[in-house]
Amino acid sequence: MADATPLYDTYARAPLRFERGEGVWLIAEDGTRYLDFAAGVAVNSLGHAHPHLVSALKEQADKVWHLSNLYEVPGQESLSRRLTEATFADKVFFTNSGAEALECAIKTARRYHFAKGQPEKFHIITFEGAFHGRTLATIAAGGQAKYLEGFGPKAPGFYQVPFGDMGALKAAISEETAAILIEPIQGEGGIRTVSKEFLQELRALCDEYGLLLILDEVQSGVGRTGKLFAYEWAGVTPDIMAVAKGIGGGFPLGACLATAEAASGMVAGTHGSTYGGNPLAMAVGNAVMDVIMADDFLQHVRDVSLVFRQGLASLADRFPEIIEEIRGEGLMLGIKAKVPSADLLKAIRAERLLAVPAGENVIRLLPPLVTTAEEAREGLARLERAAEQLTAERRQASA
Ligand SMILES: *Cc1c(COP(=O)(O)O)cnc(C)c1O
């Protein structure tokens with residue numbers, strides 16, 4: 001029977017099978033070419049089969065694949081140095097995924113207060129609509145009932161306040177609060193941008209109460225918003241930050257970054273990972289940084305973002321029955337649909353354009369950062385045809 005698969009039934013997969021990728025394109029088994037603005041949910045930051053990444057991985061594959069953290073790994077030293085030189089951070093812990101980067105961030109914050117003689121300070125305040133991963137701690141941090149249900153008691157120490165509600169946030173702070181955790185732009189939540197002012201107020205609040213500010217830049221980081229990290233737009237810095245997705249360009253890689261002070265509790269033996277900082281991952285992570293840190297690369301992201309934003313604004317004007325609102329920064333863009341977003345997603349897929357669903361009836365456009373202006377216009381043309389098609393269908397249905 002074709003429908004009996006030994007795979008867990010946890011994913012609602014689209015019936016598409018891709019054989020290979022080239023830049024912003026994915027090529028299906030039957031040869032059909034799709035414009036990939038899903039980019040593996042913001043992971044394929046440099047598109048598919050980027051020559052510099054391919055050669056870095058192949059070169060490392062011929063040398064050594066895995067060492068564990070029993071020994072020094074030179075790739076970890078170079079990548080951590082580059083990350084700390086480019087950010088607020090002094091210290092880096094490498095992981096294999098976003099959720100693990102968040103686990104490290106949460107442990108780092110709790111351990112900081114523990115080491116200061118305040119073990120009662122372990123509560124983390126998060127925001128409604130957040131997504132921080134699928135481990136037991138990160139579903140508690142995300143606070144979404146649909147991800148928590150049936151998995152036993154919610155991990156203790158996570159408290160959630162409404163998105164953007166400073167009053168509720170202040171009221172939630174107690175003697176037991178260790179940290180505030182927030183995505184500068186909620187991804188899964190529906191491309192909801194936290195205002196610059198709100199992030200600045202969060203920083204001030206954390207300083208006032210001796211709390212640590214943890215940013216989840218798993219999706220918004222590594223050039224996605226046109227800065228290396230989204231926090232740069234607000235001119236404030238966190239104490240701890242979780243990074244993953246784009247940093248590996250498709251190779252499983254994450255990192256937890258922290259100031260020396262925030263990481264001061266994480267002494268020898270307090271944390272570990274078998275694969276974290278694996279030589280293959282380090283080779284690719286360093287190669288991603290070569291490209292993203294090159295002169296003008298982030299300017300390119302901002303320029304292409306403008307092409308998208310202007311095109312999307314014009315589509316929103318012309319198809320008010322289909323599009324309610326355009327959201328986001330850089331190449332982390334959202335289309336809030338008037339029609340069910342699943343219909344819009346299906347219509348654009350029929351035009352061989354790929355995007356990602358999100359909360360609040362939004363579809364996410366997360367094109368590779370190497371997308372050219374011409375490829376952006378091609379995507380916009382496909383979106384336009386999908387909107388025309390949906391409009392025609394709706395008129396027919398109501399006639
Ligand atoms: C994807 C994501 C995560 C979880 O990353 P995984 O690699 O799936 O564990 C956490 N936070 C944010 C903001 C994400 O987008």
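Both ligands and their constituent atoms are indexed starting at 1 by order of listing.
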So, are Arg82 and Asp290 salt-bridged, with charged N and O less than 4.0 Å apart?
yes
Give the atom numbers and elements of ligand 1 that come within less than 4.0 Å of a heavy atom of Ser97.
7 (O), 9 (O)
Do Phe131 and ligand 1 have an N or O pair less than 3.5 Å apart?
yes
Counting only nitrogen or oxygen atoms and a 3.5 angstrom limit, does Ala244 reach ligand 1?
no
Which of the ligand 1 atoms, numbered from 1, are nearer than 4.0 Å to a heavy atom of Glu183:
13 (C)
Distance to 0.1 Å, residue and atom name: give those for the protein heavy atom nearest to atom 9 (O) of ligand 1.
Ala99 N, 2.7 Å
Quick one: nearest non-hydrogen protein atom to atom 11 (N) of ligand 1, plus distance?
Asp216 OD2, 2.7 Å
Gln219 to ligand 1: N or O pair under 3.5 Å?
yes
Return yes or no for this condition: an N or O of Glu100 is under 3.5 Å from an N or O of ligand 1.
no
Regarding Arg364 and the six-membered ring of Phe131, is the cationic atom NZ or CZ under 6.0 Å from the ring centre and inside 45° of its axis?
no
Give me the ring orientation class for Tyr159 and His123: parallel if the planes are under 30° apart, tilted from 30 to 60°, perpendicular past 60°.
tilted
Checking heavy atoms under 4.0 Å, the part of His132 that sits near ligand 1 is backbone
Counting each atom of ligand 1 from 1 as listed, which ones have a heavy atom of Gly133 under 4.0 Å away?
4 (C), 10 (C)
Parallel, tilted or perpendicular, judged at 30° and 60°: which one describes the rings of Phe297 and His300?
tilted
Closest to atom 14 (C) of ligand 1 (judged by heavy-atom distance), picking from Met332, Lys245, Glu188
Lys245
Do the side chains of Ser220 and Tyr231 get nearer than 4.5 Å, heavy atoms only?
no
With a 3.5 Å cut-off and no angle check, do the side chains of Glu100 and Ser97 form a donor-acceptor pair?
yes
Please state whether the rings of Phe198 and Phe127 are parallel, tilted or perpendicular, taking 30° and 60° as the class boundaries.
perpendicular
Residue, atom name and distance, where the atom is the protein heavy atom closest to atom 5 (O) of ligand 1:
Gly98 CA, 3.3 Å
Lys245 side chain reached by Val41 side chain, heavy atoms, under 4.5 Å:
yes
